[in-house]
Amino acid sequence: PAKFFEHIELLLTRIFEEEKKSYTNWTIACSLYTSKKQSLNIENRLLKKYTYSENEMVKETAFFAL
């Protein structure tokens with residue numbers, strides 16, 4: 001239901017703003033993918049930093065999300 005995802009933009013923004021790596025690569029990749037597929041209004045600057053990730057899955061998903 002839509003109400004379940006009411007605050008997803010805020011949640012993903014918090015994940016992407018995190019400076020120290022507290023989330024797994026899988027969580028970040030899924031968050032990036034969700035931000036794209038749900039057409040969420042997440043600032044590109046937050047997504048762009050993941051294009052430099054050493055993890056290929058994260059890097060590819062970041063390029064997809066942009």
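Keep in mind the model is a prediction, meaning the values are calculated, not measured.
Applying the salt bridge (charged side-chain N to carboxylate O under 4.0 Å, His left out) test to pairs two or more places apart or on separate chains, those with a residue in residues 57-66 are Glu56-Lys59. Every pair passing side-chain hydrogen bond (donor to acceptor under 3.5 Å, both in side chains) that includes a residue from residues 38-50 is listed here, sequence neighbours excluded: Glu43-Arg45.
Side-chain N or O atoms of Thr13 include one that pairs as donor or acceptor with a backbone N or O of Glu9 at under 3.5 Å.
If you chain together hydrophobic residues whose side chains sit under 4.5 Å apart, Leu40 and Tyr23 fall into the same group. Residues Leu46 and Leu11 fall within the same hydrophobic cluster, defined by Ile, Leu, Val, Met, Phe, Trp and Tyr side chains chained together at heavy-atom separations under 4.5 Å.
In this structure, Leu10 stands alone, with no Ile, Leu, Val, Met, Phe, Trp or Tyr side-chain heavy atom under 4.5 Å from its own, directly or through other members. The hydrophobic cluster containing Trp26, built from Ile/Leu/Val/Met/Phe/Trp/Tyr side-chain heavy atoms closer than 4.5 Å, also comprises Met57.
For the pair Thr24 and Thr27, the tightest heavy-atom approach, listed with the atom from each and the gap, is OG1-OG1, 3.0 Å. Nearest heavy atoms, Val58 versus Leu32: O-CD1, 3.8 Å. Summarising the geometry of Ile28 relative to Phe16, their closest heavy-atom pair is O-CE2, 4.3 Å, with the distance given to 0.1 Å. The shortest heavy-atom contact between Leu47 and Ser35 is CD2-OG, 4.2 Å.
Evaluation of the ring-ring contact (aromatic ring centres under 6.0 Å, His included) rule for Phe64 yields Tyr33 as partners, not counting sequence neighbours. Residues passing the salt bridge (charged side-chain N to carboxylate O under 4.0 Å, His left out) test with Glu54: none are found, sequence neighbours excluded.
Using modelled atom types, one finds no donor on one side chain facing an acceptor on the other under 3.5 Å when comparing Ser31 with Thr34.
If you take CD on Glu17 and CD1 on Ile42, they are separated by 9.0 Å, rounding to the nearest 0.5 Å.
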